[in-house]
**Student:** 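Okay, here's the structure, questions in a sec.
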Amino acid sequence: MNITIVGPGAIGSLWACKLHQAGHNVSLYSRSTNKRLSIKLDNLPEISFHNNDAQRLQQTDILLITVKSWQVESALLPLLDKIDSKTILLFMHNGMGAVDDLNSQISHFPIVLATTTHGALKPYAQCVLYTGKGQTQIGAYNDLGQQCSFLADVFNHALPSAVWNSDINTALWNKLAINCAINPLTALHQCKNGALAQPQFQIEIQEIVTELVQVMKANHIQADEKSLLNTIYNVINATAENYSSMHQDIHHKRNSEIDFITGFLIKAAAKHHIELPKNRALYESIKQIENNWQSEE
Ligand code: PAF
């Protein structure tokens with residue numbers, strides 16, 4: 001298939017290499033003005049991809065958008081009049097709400113959402129390291145997207161395991177819950193994910209989860225405090241040596257995804273008049289750090 005990856009960061013680069021190895025015709029779209037970009041996956045020979053090639057973009061079957069949630073709009077809007085209306089838009093990022101914000105402008109395309117637990121790290125521009133095996137769940141966002149369940153086979157063949165989930169919304173809410181618990185705390189305490197297993201964080205994590213479950217239930221998402229806590233501690237332990245994406249963003253003074261993680265949760269809660277004192281405090285602490293840089297500039 002013709003696949004274009006918009007935003008070859010760590011996860012985008014991992015998929016670019018894996019889909020290329022699986023025999024697909026992969027090209028990239030990125031901020032770089034180079035016509036070709038090379039990426040080396042682990043110790044394998046580097047692969048040279050076409051970058052920002054309008055003709056390849058026009059022929060693309062799948063547009064895999066792997067930019068950060070706050071970049072989705074600015075990355076995608078300029079491409080919309082350059083792609084065919086049958087192109088599948090497949091979004092893969094942390095957080096929720098970015099596609100809802102754009103829906104009125106893209107609803108005529110098949111839209112599919114994905115969430116992955118594969119680990120990838122991009123130590124420098126031309127290199128990506130596959131740091132942890134995970135699972136990818138893919139599911140429809142709109143009616144046209146319902147016809148795209150074959151994508152699970154395409155992605156599973158390239159990098160197992162990938163499954164089609166007819167209730168992707170629940171999967172995304174569960175991933176959101178993991179990110180709400182791990183990301184702000186690791187960014188504020190400047191620690192690895194594994195540090196959150198220490199007893200001093202237990203009460204805070206419990207409070208975050210109690211609030212999450214209230215909002216999930218109000219949104220008709222099945223949620224249970226004990227099993228959600230269990231899932232979160234499993235991720236903390238499985239990724240103990242990792243720095244979360246929000247930790248890395250804050251550390252490097254980049255915009256974080258807080259508006260699409262805890263911010264999304266707060267907006268969803270407000271619709272049901274639910275107060276979230278713990279999550280709101282975490283949200284405001286991260287926003288304050290970001291605002292401080294802006295006032296420094
Ligand atoms: O955002 C991240 O870093 C990841 O989604 C997760 C699961 C928290 C692991 O670091």
Side-chain angles (χ1 to χ4, degrees), residues 7-15 64-72 91-99 113-123 128-138 159 161-162 165 168-198 201 204-205 208-209 212 216 223 227-265 278-279 282-283 285-287 289-290:
I11 284 291
S13 299
L14 174 66
W15 280 112
L64 172 57
I65 301 122
T66 54
V67 294
K68 299 256 181 190
S69 42
W70 58 270
Q71 296 168 317
V72 166
F91 294 89
M92 196 184 284
H93 52 249
N94 270 340
M96 293 177 78
V99 179
L113 306 181
T115 175
T116 189
T117 53
H118 286 296
L121 190 71
K122 209 173 166 190
V128 61
L129 304 176
Y130 182 28
T131 55
K133 192 169 163 38
Q135 197 205 33
T136 304
Q137 298 188 60
I138 310 173
L159 179 57
S161 67
N165 186 337
I168 192 69
N169 203 33
T170 294
L172 292 171
W173 266 100
N174 278 290
K175 180 69 194 304
L176 185 90
I178 293 167
N179 288 131
C180 283
I182 298 179
N183 294 29
L185 284 177
T186 50
L188 293 169
H189 295 277
Q190 299 174 24
C191 61
K192 288 184 177 174
N193 293 355
L196 300 185
Q198 291 166 20
F201 292 109
E204 267 186 291
I205 294 176
I208 296 169
V209 171
L212 269 161
M216 287 168 82
S227 64
L228 195 52
L229 267 173
N230 205 19
T231 307
I232 289 166
Y233 277 105
N234 282 343
V235 176
I236 288 173
N237 292 324
T239 62
E241 285 307 308
N242 293 9
Y243 286 106
S244 78
S245 53
M246 196 172 291
H247 171 285
Q248 295 180 50
D249 287 337
I250 295 292
H251 181 78
H252 294 289
K253 294 195 173 189
R254 298 187 296 241
N255 252 347
S256 79
E257 294 182 292
I258 194 74
D259 282 324
F260 296 88
I261 296 178
T262 313
F264 177 86
L265 180 75
K278 182 72 214 169
N279 283 286
L282 291 170
Y283 175 81
S285 302
I286 297 285
K287 287 306 265 188
I289 297 175
E290 293 181 350

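As a basis for the values below, the full set of heavy atoms in this structure was taken, side chains included, without hydrogen atoms, waters or symmetry mates. None of these values were measured; they are calculated from a predicted model. Just so you know, ligand 1 is whichever comes first in the structure, and atom 1 is the first atom listed for that ligand.
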**Student:** Under 4.0 angstrom from ligand 1, any heavy atom of Q248?
**Tutor:**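 No; Q248 lies far enough from ligand 1 that no heavy-atom distance drops under 4.0 Å.
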**Student:** Is the side chain of T66 donor-acceptor paired with the backbone N or O of M92 at a distance under 3.5 Å, no angle test?
**Tutor:**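 Answer holds: no.
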**Student:** Just let me know how K175 lines up against ligand 1, side chain, backbone, both or neither, with a heavy-atom cut-off below 4.0 Å.
**Tutor:**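 Side chain only.
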**Student:** Restricting to salt bridge (Lys or Arg N to Asp or Glu O under 4.0 Å), what partner residues turn up for K192, sequence neighbours left out?
**Tutor:**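 Applying salt bridge (Lys or Arg N to Asp or Glu O under 4.0 Å) to K192 gives E241.
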**Student:** Nearest protein heavy-atom contact for atom 1 (O) of ligand 1: which residue, which atom, what distance?
**Tutor:**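 The closest heavy atom on the protein side is S245 OG, 2.6 Å.
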**Student:** Describe, in one word, how the ring planes of H93 and F91 are oriented to each other, choosing from parallel (under 30°), tilted (30 to 60°) and perpendicular (over 60°).
**Tutor:**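 H93 vs F91 ring planes: perpendicular.
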**Student:** About how many Å separate CG of N183 and CE of M246, when rounded to the nearest 0.5 Å?
**Tutor:**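 Rounded to the nearest 0.5 Å, the CE-CG separation comes out at 5.0 Å.
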**Student:** Could you say whether the N/O atoms of N94 and ligand 1 ever approach to under 3.5 Å?
**Tutor:**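 Between N94 and ligand 1, an N or O pair is found under 3.5 Å apart.
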**Student:** Considering only heavy atoms from C-beta outward, does the side chain of Y283 approach that of D259 to under 4.5 Å?
**Tutor:**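 They are in side-chain contact.
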**Student:** Tell me, which protein residue and heavy-atom name are nearest atom 5 (O) of ligand 1, and how many Å apart are they?
**Tutor:**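 Looking at atom 5 (O) of ligand 1, the protein heavy atom closest to it is N179 ND2, 3.0 Å.
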**Student:** Give yes if a backbone or side-chain nitrogen or oxygen of N193 is under 3.5 Å from a nitrogen or oxygen of ligand 1, and no if not.
**Tutor:**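 Yes; at least one N/O pair falls below 3.5 Å.
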**Student:** I'd like to know whether the aromatic ring centres of Y243 and H251 sit less than 6.0 Å apart in this structure.
**Tutor:**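 No.
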**Student:** Are side-chain heavy atoms of Y233 and I205 found at a separation under 4.5 Å?
**Tutor:**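 Sidechains of I205 and Y233: in contact.
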**Student:** Do any nitrogen or oxygen atoms of Y243 lie less than 3.5 angstrom from nitrogen or oxygen atoms of ligand 1?
**Tutor:**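 No; the residue has no nitrogen or oxygen that sits under 3.5 Å from a nitrogen or oxygen of the ligand.
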**Student:** Could you tell me, atom by atom, which parts of ligand 1 come under 4.0 Å of a heavy atom of S244?
**Tutor:**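 The atoms of ligand 1 under 4.0 Å from a heavy atom of S244 are 3 (O), 10 (O).
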**Student:** Tell me which protein heavy atom sits closest to atom 8 (C) of ligand 1, plus the residue, atom name and distance to 0.1 Å.
**Tutor:**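 It is N183 OD1, 3.2 Å.
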